[in-house]
Amino acid sequence: MNDPFELTDPSEDPRPTTPAERPAVYLDGLNESQREAVEATEGPVLVLAGAGTGKTRVLTTRLAHILLQGRARPGEILAVTFTNKAAREMQERVGHMLGTPVEGWWVGTFHALAARILRRHAEAVGLKPNFTILDTDDQVRLIKQILAARDIDTKRFPPRTFSAVIQRWKDRSLGPEKVSQGEAVEALDGTAIDVYKDYQSELLRQNAADFGDLLMLCVDLFQSQPDILKSYQRRFRYVLVDEYQDTNVAQYLWLRLLAQGHQNICCVGDDDQSIYSWRGAEVGNILRFEKDFPGAKVVRLERNYRSTPHILGAASGLIANNEGRLGKTLWTDLNEGEKVRVHGVWDSTEEARWIVDDMEARQMRGESLATMAVLVRTSAQTREFEERLITLGIAYQVIGGLRFYERQEIRDAVAYLRVIAQPDDDLAFQRIANVPKRGLGDASMQTVHMHARARGISLSLAIRELTTTDELKSRPKKLFTDLLNEFDRWRVEAHDHSPAELMDIVLDESGYTEMWKLDKSIDAPGRIENLKELVVGLSAFDTLTSFLEHISLVMENEQNKGTDKVTLMTLHGAKGLEFDTVYLPGWEEGLFPHQRALDETGTNGLEEERRLAYVGLTRARKCATVTFAANRRIYGQWQSSLPSRFVDELPAGHIERAGELGLSRGGFAEDQAVFGKVSGKASEGYGAGWKRAQNRKPQDDLVFAPARVSSGGLEVGQRIFHQKFGYGSIQGLDGDKLDIKFEKAGMKKVMVSFVEKV
DNA sequence: TGAGCGTAGTTTTTT
DNA sequence: ACTACGCTCA
């Protein structure tokens, strides 16, 4: 595998051999606005690329155009993406367009590019060039230790909460000293800022950086060292950014600093597809572009090449309910096609059955399974689909879930390599010090820990110092010394062995593989397989350092393609993909839009959920099907649910109720009786949600009564039970929501359908 | 050190 | 309903 960042100095880059005068055949076939986006090479450009409007084509053609015109050498171009997949695709497609692989240009993810810059100037921010990059798991483990040292109650504030707060600060490029007084006092009772300070100094001590640091420290570097910044500004004559709507403040600052001089920055994005605010993305970055870069050219790509008019119409009608959009009008030349099907079912089991049966019918008609996808709001929803698919013997793949390097055995093995590469890597050392069991239990680790902390040194160093004192008992002292000697030996071995060979040696000599061989549990053989796979993967690397960089920043899920399979994944995972046939199950209030999005971020949350629905619909080329169930199991309990408000927002002219409704009527009959009983009492204060449901003319027969509360009598003072918040009493009625004072959780606004009378 | 038990949490995910 | 965790006790 190539290191994507193998870089030659720009002066060594060969000039493109193609003369600029050559007729630009690669521009043929672009529509007018696409061409405009490609040809506007100078100055700031914002390309608002609606779903399916040929964004990737524009990006790659623009890059090729800059190179072919001789405006820049490859090394003078910076192309930034969010995912490795996107970076790889860009690399491949530009190479393909030019007929030769492009080498020496800076294409990659924000994090990989920032890491690369940071390694060159590590000393300027207090790191060494071989610093370790910590992942989420490492972060949390480190925070746990800090909380323990500070005696903070992890019951009240779990480590993850601190991790999240710190990450959000880093997303905004706020180091501990830059967090405002007000925020510092407020966050987690003022403890977060102290933990943040400890966390940062501990990272420096361990010569490590987390994902957020890569951007934040790079911004710090640029701001504190104008000369360094200038050198990069001069180097990168053209800057290109994909998925701009997903950038956070740190990334925005990073880009702005780099593009400040020449202002040749082209950002491509779609505000309607911004679905990552929960991990720090700021839609504001895209909405503000013209202010940040005065004189910016804005190009709208509105011609859609993917979906039929009905699908496009449904999606556009839906997204029109959002406010504060930059606004685009998607259109297409394609034939009308089918309307978006909307289908109500009794419960989630029936939903899975109905959808999978529909897929099977298509397969019988000769449609390939690979053209079909089920896009869910939450990953738990895939389970019932899997069960049904297994029953019918239909091949499927679930995208998402645990990744290769997130598995325990892989992380352990990598931890050995990390300690070899960097003796100060305490997190890695702790992970494997007693794995396999060496008799180094908590007690002796504690002693080492205390000494290390007191002296402000790494665990390895602490052990070395302790070998001359009596603080450790003689047995653990010897065991620790043996372990350190092993590592010293492996470090020597590392000189004349490839990383793969070294891994082999270490796994063998440490007894790690042996440990799993002796393990009787069912997943042990699989783990040994994974370790073998790791060694194979390692053989592509020449140096330990390049491998470690790869595993923390570039490594991804291997998805065995080839066989014809249906795809199951979350809506988030589907961004950027397309399928002929798309199924969108679970369009119910509380699930989609998700209750937590509504509770935690209100209107903004709702709008983001709506964008998610928009993303889902626009994945479909030919056929989109929305379904919702009257009953669904949530946290193990059956709850009744109302169709999502998004169902109402789909323009009537573009949808059709699926013909098979009759199938589910049997199921409804029972419900209708309940419904009748309830509706008589509706006037007693069921609220607008109920009325909304009952007034819904076109879909009257798709409306369900929440069985839970159907015995009526929801009024102020009523005692209720909520699955998540426990017991409480109703304080007020507000539409389909209730204001409830919970005994433990305090005041909350919750959905009618989620409470039970007690 | 490890099994057994009780409690809390259960949206989305990249790097 | 299910899981993952942290704690207790043998």
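The figures that follow rest on heavy atoms only: side chains count, while hydrogens, waters and symmetry mates do not. Order of the sequence lines fixes the chain letters, A, B, ..., with proteins taken first and strands second; residue numbering starts at 1 for each chain.
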A:Lys155 atom NZ is separated from B:dA8 atom P, nearest whole Å, by 7 Å
Candidates A:Lys144, A:Arg160, A:Arg411, A:Arg407 - the one meeting salt bridge (Lys or Arg N to Asp or Glu O under 4.0 Å) with A:Asp137: A:Arg411
A:Tyr405 atom OH is separated from B:dT14 atom P, nearest whole Å, by 8 Å
Between B:dT11 and C:dA4, how far apart are the P atoms? Round to whole Å, please. 15 Å
Whole angstrom is fine here: how far is it from CZ in A:Arg160 over to P in B:dA8? 18 Å
Nearest-nucleotide pick for A:His594, side chain only, options being B:dT11, B:dT15, B:dT13: B:dT11
Please say whether the positively charged group of A:Arg119, taken as NZ for Lys or CZ for Arg, lies over the ring of A:Phe131, i.e. under 6.0 angstrom from the six-membered ring centre and within 45 degrees of the axis. yes
Using atom P in both nucleotides, what's the gap between B:dT12 and C:dT3 to the nearest angstrom? 16 Å
For A:Gly212, answer base if it contacts any base atom (sugar-phosphate contacts may also be present), sugar-phosphate if it contacts only those atoms, and nothing otherwise; contact means non-hydrogen atoms under 4.0 Å. nothing
Any donor-acceptor pair under 3.5 Å joining the side chain of A:Thr378 to the base of B:dT10? no
Earlier contact from the 5' end, DNA chain B, for A:Glu608 and A:Asp442: A:Asp442
Closest nucleotide among B:dT12, B:dT11, B:dT15 to the A:Tyr635 side chain: B:dT11
Just to be sure I understand the rule, does A:Lys437 reach a base, reach only the sugar-phosphate, or reach nothing, if contact means heavy atoms closer than 4.0 Å? sugar-phosphate
Under 6.0 Å from the six-membered ring centre of A:Tyr276 and within 45° of its axis: does the NZ or CZ of A:Arg279 meet both? yes
Does a salt bridge link A:Glu384 with A:Arg632, judged by any charged N lying under 4.0 Å from a carboxylate O? no
Which part of the nucleic acid does A:Ser379 contact within heavy-atom distance under 4.0 Å: base, sugar-phosphate only, or nothing? sugar-phosphate
Checking all strands, does A:Asn434 fall into the base, sugar-phosphate, or nothing category for heavy-atom contacts under 4.0 angstrom? sugar-phosphate
What integer distance in Å separates A:Gln446:CD from B:dT1:P? 13 Å
Starting at NE2 of A:His111 and ending at P of B:dT15, how long is that distance when rounded to a whole Å? 9 Å
Step through it carefully: locate the ring centre of A:Tyr232, locate the ring centre of A:His121, and say whether they are under 6.0 Å apart. yes
Can you measure A:Arg633 atom CZ to C:dT3 atom C1' for me and round it to whole angstrom units? 15 Å
For the side chain of A:Arg377, counting heavy atoms from C-beta on, which of B:dT11, B:dT13, B:dT14 is nearest? B:dT11
Aro-ring/base stack A:Phe211-B:dT14, d under 5.5 Å, angle under 30°: no
Using the closest heavy atom to pick a nucleotide of DNA chain B for each, name whichever of A:Leu612 or A:Leu440 lands nearer the 5' end. A:Leu440
Side chain of A:Arg403: nearest nucleotide among B:dT14, B:dT13, C:dA1? B:dT14
Whole angstroms only, please: what is the CZ-P distance between A:Arg279 and B:dT11? 17 Å
Would you find a donor on one side and an acceptor on the other, under 3.5 Å apart, between the side chain of A:Glu600 and the backbone of A:Ala597? no
Length of the line joining A:Ile143:CD1 and C:dC5:P, which is rounded to integer Å: 16 Å
Determine: side-chain N/O of A:Thr109 to OP1/OP2 of B:dT14, distance under 4.0 Å, yes or no. no
Among B:dT13, B:dT15, C:dG6, the one nearest A:Lys144 by side-chain distance: C:dG6
Examine B:dT15: is either OP1 or OP2 under 4.0 Å from a nitrogen or oxygen in the side chain of A:Asn84? Give yes or no. yes
